[in-house]
Structures are given as structure tokens and as C-alpha cells.
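Below is one structure; the comments refer to it alone.
Every number for a ligand or one of its atoms is a count from 1 in the order of the listing.
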Amino acid sequence: MQAARKKDMPDDPFAQDVLSGLTAKDKWISSKWLYDQAGSQLFEDITQTRDYYPTRTEAAIFRTMMGDLADITGTGGGVAEYGSGASVKTRLLIEAVKPQLYVPLDIAGEFMEEAVAELSEAYPDLAIAPVVADFTQPVTLPDAFNRLERRLGFFPGSTIGNFEAGKAGEFLARVHRTLGDGAYFLVCADLVKDRDVLRRAYDDSDGVTAAFNLNLLTRFNRELGADFDEAAFHHEAVWNEERSRIEMHLVSDKDQSVHIAGQEIDFASGEHIHTENSHKYTPETMREMAEGAGWTVDRVWTDARDWFGVFLLKA
Ligand code: SAH
Ligand code: AVI
């Protein structure tokens, strides 16, 4: 049975991932597939909503600490940013650390290209070498970056929270090997807080997060020839106390069957597709994970409410 399914699997990693997730007992999809062109833009729209506090809290911390960061790391080296997206907050880092080379890395190539065009216009002397890659896998950074004496990795947005359980530590260990001895890694993480604040941030009153989540079905229809009725599913955000994470789900509003990449998938009314985890850390759980991955924690900056943490790791 298992062998037959494997044989029927298409070659495209996106189709493979989606089919294996939707045929699992508990249906799930990796959150990395949320970021097609529309999804990347919807994420930017989320950051502008009143309820989604992480981006503006993080930016406020950046405004207080980027000078200190430059004093520690020095200027004129290379910056490699994981999951760079629109590279908006990156400007605060670029202006302080004044890199000679910036390497944005993202799975959403077209969206990153637009961000790179805007950055090139704003910083005409900055060399930019974008890398389209999936950072859940090993990635290779350009030689020009690896040759620089000062190498700084940057992982903003609390995207570290989106790794599956246990995978965030593995990622930190991989980045340690990729950036190499003497490098720094600035990792930003959303912190545990009041559950109503968290739930509102992931189910904003403008419905932008719901649109971001439901866009996954639109992407399946467009790219995998699926026939999802987006109006027959709804968005749900749940706080999982035991695992310290907000989960996003798409919930089927009725019994229904959907066709995707040559397979029929049945949904019972109320059945969930688990589409994202957003783990919330404490300074202690982040430190423990970073040290377990071979890093030393050099500095930690937070905001006055301790809602968000910026961790400077040293290899
Ligand atoms: N850094 C920006 C964007 C965060 S949104 C900010 O702080 O606002 C998360 C970003 O990570 C998106 O741009 C998305 O395309 C990218 N991303 C998500 N999963 C990824 C993966 N597995 N590999 C590479 N990029 C990924
Ligand atoms: C990119 N990432 C850190 C966001 C988060 O908060 O987990 C993605 C997101 N999901 C829903 N809203 C925002």
C-alpha cells in the first residue's frame, strides 16, 4: 500500500509534501508552503495589523540595540539573512553594521527579487547576492560571503518559531557549521505571554491572518490543479500550552471530497489541516537550545514588556 502510494507520488517536492500531508492520519502541511507571491504579500499585510505585535515590537528593539551590535561585531563584513522576505527591518541592521555584502536567503524567490531591487536602489554601494533555498535543508552560502572575516547571520521575524518541534535546534547547529568559527548569529524570537494577546495576533480582527492561511488552498488549486472550495474551510488559531505554541489550522465546514494531484482526499465536517506552528520561547529556553547547538549567547535584548527577544549568538 505504502509502496503503491510512493510510486504514484509526483516528482515536484511541493506536490509530494502536500500529498503526503493530506493523506496522513492527522492532515498537515509544512508552513514553508504558505509563502507563494500572494502569501508573502499577505504576511507583510499581517505585520501592519493592530493585533500582530511581533514585527513592531522587534523593530522597536532593533532601534535601541543596532549601535551596540555594530560595536560588538564590527562593520564592513557580510550579512546572511535567513527568511529575508521583504527585507524591511534589515535596513536598520544594514545602516548600523554597514556590510559590504548582503546575502538574503528565502524560499520565495520572486518576492525576494522585488525586495532586492528595492534594497539596491536604497543602497547602491552594497553588493547583494540572493540565494533561493529551503533552510530546513542544508544550504550553501556564496564563496564571496564565506571568504569574509566578519560574518553575521541574521534570522529576524521569529521565524525560528515556525520550525517543527525539535527541528529548531538542528537548524541552529546547521547554521553554526555554515557560518563557521568566529561568526555571529542574530536570532529573534517571540516570547511566551498572555494567551489572549497571542491568540488575537494569530486571528486578527481584520481577517488578514485568515486570508494568509486560506491562501494555501488557493495555491493548491492554482499550482497543483486542486479543486478546494476556499469558502468551505475556515481559519482557526489555537494556543497549545503544553508545546508552548500557537497553531494555525484550516477547518472543513462540511463533509467534502477534494481532488489534488490525481488523488481524492476526503474531509469530515470539523476535520483540521494543521498548517503552522509558531513556538514561543523564554530567554531560558532559547539559551538552552542555542547552547545545545554549539553557540555561546553573547547578548540578549528585549523590550520593556519582555514580549520579544533578540539573541546574539557567537560561534
Ligand atoms: N524576515 C521577514 C519575513 C518573515 S516571514 C520579517 O522578519 O518580517 C518568513 C519568511 O521566511 C518568508 O519570507 C518565507 O518565504 C521564508 N521562509 C519560510 N520557510 C522557509 C524555508 N523553509 N526556507 C527558506 N525561507 C523560508
Ligand atoms: C513568519 N512567522 C514568524 C510568522 C509567525 O508569527 O509565526 C508567520 C505568521 N503566521 C501567522 N501570522 C504570522
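- Proximity of a side-chain donor or acceptor of Asp204 to a complementary backbone N or O of Thr49 within less than 3.5 Å is not detected.
- By the neighbour-count criterion of 12 heavy atoms within 6.0 Å, atom CD of Glu288 is sparsely surrounded, having that number or fewer from other residues, nucleotides or ligands.
- Among all non-hydrogen protein atoms, the one lying nearest atom 3 (C) of ligand 2 is Gly157 O, 3.0 Å.
- Within the 6.0 Å centre-distance limit, the rings of Tyr35 and Phe212 are counted as a close aromatic pair.
- Contacts between Phe135 and ligand 1, counted as non-hydrogen atom pairs separated by less than 4.0 Å, involve both the backbone and the side chain.
- The environment of Arg243 atom CZ is sparse: at most 12 non-hydrogen atoms of other residues, nucleotides or ligands sit within 6.0 angstrom.
- In this structure, Pro156 counts as a contact residue of ligand 1, since one of its heavy atoms falls inside 4.0 Å of the ligand.
- The protein heavy-atom contact nearest to atom 4 (C) of ligand 1 is Phe43 CE2, 3.6 Å.
- At a heavy-atom distance under 4.0 Å, only side-chain atoms of Ile46, from C-beta outward, approach ligand 2.
- The shortest N or O to N or O distance between Ser158 and ligand 2 is not below 3.5 Å.
- In terms of protein heavy-atom proximity, atom 3 (C) of ligand 1 is closest to Gly83 O, 3.6 Å.
- Distances shorter than 4.0 angstrom occur between a heavy atom of Ala133 and an atom of ligand 1.
- In this model, a donor atom of one side chain and an acceptor atom of the other lie less than 3.5 Å apart for His234 and Asp253.
- Scanning all protein heavy atoms for the shortest distance to atom 19 (N) of ligand 1 gives Lys32 CB, 3.6 Å.
- Residue nearest to atom 6 (C) of ligand 1, selected from Gln137, Lys89, Glu44: Lys89 (by heavy-atom distance).
- Side-chain atoms of Asp255 come within 3.5 Å of backbone atoms of Ser269 as a donor-acceptor pair (strictly under, hydrogens ignored).
- Each of Glu241, Glu242, Glu247 was evaluated against Arg245; a single residue qualifies, Glu247, per the salt bridge (Lys or Arg N to Asp or Glu O under 4.0 Å) test.
- Note that Arg219 lies outside the cation-pi zone of Phe228, set by a 6.0 Å cut-off to the ring centre and a 45° limit from the axis.
- Remark: ligand 1 atoms within the under-4.0 Å shell around heavy atoms of Asp134 are 21 (C), 22 (N), 23 (N).
- Remark: ligand 1 atoms within the under-4.0 Å shell around heavy atoms of Thr159 are 4 (C), 9 (C).
- For ligand 2, the atoms lying closer than 4.0 Å to a non-hydrogen atom of Tyr52 are 4 (C), 5 (C), 6 (O), 12 (N), 13 (C).
- Ring-plane geometry between Tyr53 and Trp307 is classed as perpendicular, the angle between the planes exceeding 60 degrees on a 0 to 90 degree scale with a lower cut at 30.
- By the 3.5 Å distance cut-off applied to N or O atoms, Ser278 is counted among the residues near ligand 2.
- Residue contact check: Gly157 has heavy atoms under 4.0 Å from atoms 7 (O) of ligand 1.
- Using a 4.0 Å cut-off between heavy atoms, Asn162 contacts ligand 2 through its side chain alone, with no backbone atom that close.
- The six-membered or imidazole ring of Phe171 lies near that of Tyr82, with a centre-to-centre distance under 6.0 Å.
- Judged by a 6.0 Å distance limit and a 45° cone about the ring axis, Lys27 is positioned over the six-membered ring of Phe267.
- Residue-ligand proximity, Phe212 to ligand 2, at heavy-atom distances under 4.0 Å covers atoms 9 (C), 10 (N), 11 (C).
- Donor-acceptor pairing under 3.5 Å is recorded for the side chains of Tyr202 and Ser278.
- Enclosure of atom CD in Glu264 by more than 12 non-hydrogen atoms of other residues, nucleotides or ligands within 6.0 angstrom is indicated.
- Remark: minimum distance from atom 8 (C) of ligand 2 to any protein heavy atom is reached at Glu276 OE2, 3.3 Å.
- Of the residues listed (Thr275, Asn162, Leu216), the one engaging Ser31 in a side chain to side chain contact (heavy atoms under 4.5 Å, CB included) is Asn162, and it is the only one.
- Taking distance alone, with nitrogen or oxygen atoms compared against 3.5 Å, Tyr202 approaches ligand 2 more closely than that limit.
- Set against the non-hydrogen atoms of Gly85, the atoms of ligand 1 under 4.0 Å away are 13 (O).
- Side-chain atoms of Arg150 come within 3.5 Å of backbone N or O of Thr75 as a donor-acceptor pair.
- At least one N/O-N/O distance between Ile107 and ligand 1 falls below 3.5 Å.
- Close approach of ligand 1 to Ser84 is summarised as follows: ligand atoms under 4.0 Å from at least one heavy atom of the residue are 1 (N), 2 (C).
- Listed by atom number, the atoms of ligand 2 under 4.0 Å from Thr159 heavy atoms are 1 (C), 3 (C).
- Compare Asn162, Leu105, Asp106 by their heavy atoms: the one nearest to atom 13 (O) of ligand 1 is in Asp106.
- When heavy-atom distances to ligand 2 are checked against a 4.0 Å cut-off, Tyr53 has no atom that comes that close, whether in backbone or side chain.
- Numbered from 1 in the order shown, with element, the atoms of ligand 1 that lie under 4.0 Å from a heavy atom of Thr136 read 22 (N).
- With hydrogens left out, the protein atom closest to atom 1 (C) of ligand 2 is Tyr35 OH, 3.3 Å, a heavy atom.
- Ligand-side atoms of ligand 1 in range of Glu81: 1 (N), range being under 4.0 angstrom from any heavy atom.
- For Phe62 and Phe154, the gap between ring centers is short of 6.0 Å.
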